[in-house]
Amino acid sequence: MKEEFLKIALGEVGYKEGKNNDNKYGKWYGINNKPWCAMFVSWCANQVGVLKTLIPKYSGCGTGYKWFENKGLITMKPKAGDIGFLKPSNPKNKSSHTFIVY
């Protein structure tokens, strides 16, 4: 699954958003014109059929982080195909960015 997940994500390299965060991931999610890193991860998971089972459908980084944290899946040693989260500058937030580890 991780190989296929990475293949889908890498197939999107070079995709460019339009004006005001206009992008296909936000359109797919139903909330376009917003920061879309989490929606991209969800979109990739949907493409390989693991959305809502192995990877949640999330549009906010904190929501995604909390889901993985509640499942005990947060690690400081991620591997290719894992979902990563960046620590925010505001300590009240769980995450400020999410991505797929390559």
Side-chain angles (χ1 to χ4, degrees):
M1 185 287 301
K2 285 188 178 185
E3 295 81 18
E4 188 177 353
F5 184 57
L6 277 173
K7 184 177 176 183
I8 292 291
L10 289 171
E12 297 300 301
V13 170
Y15 176 80
K16 295 185 190 230
E17 68 184 5
K19 188 176 181 180
N20 193 32
N21 281 327
D22 180 39
N23 67 87
K24 67 182 183 181
Y25 316 111
K27 288 175 185 169
W28 166 82
Y29 199 93
I31 51 171
N32 195 21
N33 304 106
K34 303 283 183 196
W36 49 273
C37 59
M39 291 182 271
F40 170 73
V41 172
S42 294
W43 181 88
C44 290
N46 187 62
Q47 300 304 300
V48 297
V50 297
L51 186 66
K52 297 184 183 176
T53 55
L54 298 178
I55 298 172
K57 184 175 183 182
Y58 65 108
S59 63
C61 300
T63 303
Y65 183 92
K66 196 173 198 176
W67 188 90
F68 285 99
E69 182 179 49
N70 287 341
K71 300 240 182 237
L73 298 172
I74 299 297
T75 179
M76 298 307 277
K77 296 180 181 181
K79 297 180 177 106
D82 287 347
I83 308 303
F85 294 91
L86 295 182
K87 211 170 196 178
S89 55
N90 181 345
K92 291 182 180 181
N93 298 330
K94 289 283 188 180
S95 177
S96 62
H97 183 63
T98 185
F99 55 93
I100 299 167
V101 177
Y102 175 62

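- Residues Ser96 and Cys61 have side chains not in contact (no heavy-atom distance under 4.5 Å, counting atoms from C-beta outward).
- No more than 12 heavy atoms of other residues, nucleotides or ligands sit less than 6.0 Å from atom NZ of Lys34.
- Across every non-hydrogen atom of Tyr15 and Asp22, the tightest pair is OH-O, 4.4 Å.
- In this structure, the side chain of Thr98 engages the main chain of Gly84 through a donor-acceptor pair within 3.5 Å.
- Distance alone, capped at 3.5 Å, places no donor-acceptor pair between the Asp82 side chain and the Val101 backbone.
- Dense packing is recorded around NZ of Lys57, with more than 12 heavy atoms of other residues, nucleotides or ligands lying under 6.0 Å away.
- Ring planes of His97 and Phe99: parallel class, angle under 30° (limits at 30 and 60°).
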Working for side chain to side chain contact (heavy atoms under 4.5 Å, CB included), residues Leu54 and Phe5: CA-CA 11 Å; Leu54 298 178; Phe5 184 57; over 6 Å; no
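- The aromatic ring centroids of Tyr65 and Tyr58 lie 6.0 Å or more from each other.
- Here Asn33 contributes atom CG and Asn20 contributes atom CG; the two are 5.0 Å apart, rounded to the nearest 0.5 Å.
- The two residues Trp67 and Ile55 come nearest to each other via the heavy atoms CH2-N, 4.2 Å.
- Scanning both residues, Ile100 and Cys44, for their nearest heavy atoms gives CD1-SG, 4.0 Å.
- In this structure, CH2 on Trp36 lies 12.5 Å from NZ on Lys27, to the nearest 0.5 angstrom.
- Between Phe85 and Phe68, a ring centre-to-centre spacing shorter than 6.0 Å is recorded.
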Full working for side chain to side chain contact (heavy atoms under 4.5 Å, CB included) between Met39 and Ile31: CA-CA 9 Å; Met39 291 182 271; Ile31 51 171; 3.6 Å; yes
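- Side-chain contact annotation: Glu12 with Tyr25, donor-acceptor N/O pair under 3.5 Å present.
- Contact between Gly81 and Leu6 at its shortest, heavy atoms only, is N-CD1, 3.8 Å.
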Steps toward side chain to side chain contact (heavy atoms under 4.5 Å, CB included) verdict (Ile8, Trp43): CA-CA 9 Å; Ile8 292 291; Trp43 181 88; 3.8 Å; yes
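- Side-chain N or O atoms of Asn32 include one that pairs as donor or acceptor with a backbone N or O of Asn23 at under 3.5 Å.
- Considering all non-hydrogen atoms of both residues, Val50 and Met1 come closest at CG1-CG, 3.6 Å.
- Val41 and Leu86 fall into different hydrophobic clusters, defined by Ile, Leu, Val, Met, Phe, Trp and Tyr side-chain heavy atoms under 4.5 Å apart, directly or through other members.
- Heavy atoms only, all atoms of each residue included: Ala38 and Gly60 are closest at CB-N, 4.0 Å.
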